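Just below is one structure, and these are the notes that go with it.
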Amino acid sequence: MDALQRHRSLYKGTTPPWKETYRKRCVERLKNSRSRLLEKYRQMSDCTGDSKSSLLVQEVMEMEWNALQSANQSLPSLWGKDGIKDMYSDMQEYDEQAILEEIQQELMSQERSIIEEYHKSQQYEEQYLNVVVDGMEEEGKLICPVCHVNNLTVNSHFTSCPCGLYINTMGRNITPEVLQRLLEVRVTEHMEDCLQNPVFSVASNMEGSPNLMISCKACDYLSVVL
């Protein structure tokens, strides 16, 4: 065994110093690119149906590797036209190929999880809007978004529910149709940036008057519906 082979054998199976930093930066960039990932997924689904190939993983890994490489000139370029390419012979002492493939698989799994959560949020939105529509078809009633049980009473003076919801709507021209539209807009607005299910509640404003609110603990979304 020559000196170079002995040197490599000392490091074989060990973790290179850049691995954890690179992995964390890739994971963070993918999370921060969720909106663009979902937009790309919707575009591809419209054109070709569901795609099981990764959408942003290679781009994320390449961008973060370039950033890492700019701070450490000893790291080579690892990217060919088809993705991760073979390592240079002098970069094989840490099994970099296996390490990069491990990170790639982790990111692809995370990407799939984001898309799965997106589908769940779509189902929630569809189910909620179906409930709203069903309620409208039944004598112009709306299901209360707070308790999900009772029909709301909506008139020119107030909006109320037996569960305790009561909001003064005097002079605001609120009808069941108007309230339905307000609910749909807020639900859709939240789902554009967050995959978790929002909740509705009643909270007092600065003047002490109650408002119907929509909020989400996962993304800190908070907005007034009525």
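Bear in mind that the values here come from a model prediction, so they are computed numbers and not experimental data.
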Please report the shortest heavy-atom distance between L222 and S215, naming the atom on each side. CD1-CB, 3.7 Å

Lys/Arg N to Asp/Glu carboxylate O, K19 vs E102, below 4.0 Å: yes

Would you check if the side chain of H119 reaches a backbone N or O of E116 as a donor-acceptor pair within less than 3.5 Å? no

With under 30° as parallel and over 60° as perpendicular, where do the rings of Y166 and F158 fit, or are they tilted in between? parallel

Verify the distance criterion only: is there a donor paired with an acceptor across the side chains of E184 and Q180 at less than 3.5 Å? yes

Are P145 and L183 close enough that some pair of their side-chain heavy atoms sits under 4.5 Å apart? yes

Would you find a donor on one side and an acceptor on the other, under 3.5 Å apart, between the side chain of S109 and the backbone of Q105? no

To the closest 0.5 Å, what do you measure between OG1 (T153) and CG (N155)? 7.5 Å

Indicate yes or no: at least one non-hydrogen side-chain atom of C219 is less than 4.5 angstrom from one of H190. yes

Value for CG (L226) from CD1 (I214), rounded to nearest 0.5 Å, stands at 13.0 Å

Going by an N to O cut-off under 4.0 Å, is there a salt bridge joining K40 and E111? no

Please check if the side chain of T21 supplies one atom and the backbone of W18 the other of a donor-acceptor pair under 3.5 Å. no

Please answer whether the main-chain N or O of V224 pairs with a side-chain N or O of R186 as donor and acceptor at a distance below 3.5 Å. yes

Hydrophobic cluster identity match, V178 and L165, side-chain contacts under 4.5 Å: yes

L107 side, atom CG; E64 side, atom CD - distance, nearest 0.5 Å: 10.0 Å

Under a 4.5 Å cut-off applied to non-hydrogen side-chain atoms, are H157 and N168 in contact? no

I'd like to know if the side chain of N211 reaches the main chain of M213, judged simply by a donor and an acceptor atom lying under 3.5 Å from each other, with no hydrogens or angles considered. no

Separation of L56 CG from Q110 CD (nearest 0.5 Å): 11.0 Å

L30 and I114: which non-hydrogen atoms are nearest, and at how many Å? O-CD1, 4.4 Å

Electrostatic pair R36:E39 at N-O distance under 4.0 angstrom: no

Check the surroundings of atom CG in N205: do more than 12 heavy atoms from other residues, nucleotides or ligands lie under 6.0 Å from it? yes

Quick check: closest heavy atoms across A67 and S70, and the distance to 0.1 Å? O-OG, 2.6 Å

Please evaluate residues E20 and K24 with respect to the criterion side-chain contact (heavy atoms from CB on, under 4.5 Å), reporting the C-alpha separation (whole Å), side-chain torsions for both, the decisive distance (0.1 Å), and the verdict. CA-CA 6 Å; E20 193 58 23; K24 288 180 178 179; 3.3 Å; yes

Measure across C26 and M61 and return the closest heavy-atom pair with its distance rounded to 0.1 Å. SG-CA, 4.0 Å

Side chains of S156 and I174, heavy atoms from C-beta outward: is any pair under 4.5 Å? no

For the side chain of Y22 and the backbone of L100, is there at least one donor-acceptor N/O pair under 3.5 Å apart? no

Heavy-atom side-chain proximity of T169 to V154 below 4.5 angstrom: no

SG of C161 to CD1 of I143: how many Å apart, nearest 0.5 Å? 9.0 Å

Counting only heavy atoms not in R172, do more than 12 fall under 6.0 Å of its CZ? yes

Spatial distance of atom SG (C163) from atom CG (L152) [nearest 0.5 Å]: 8.0 Å

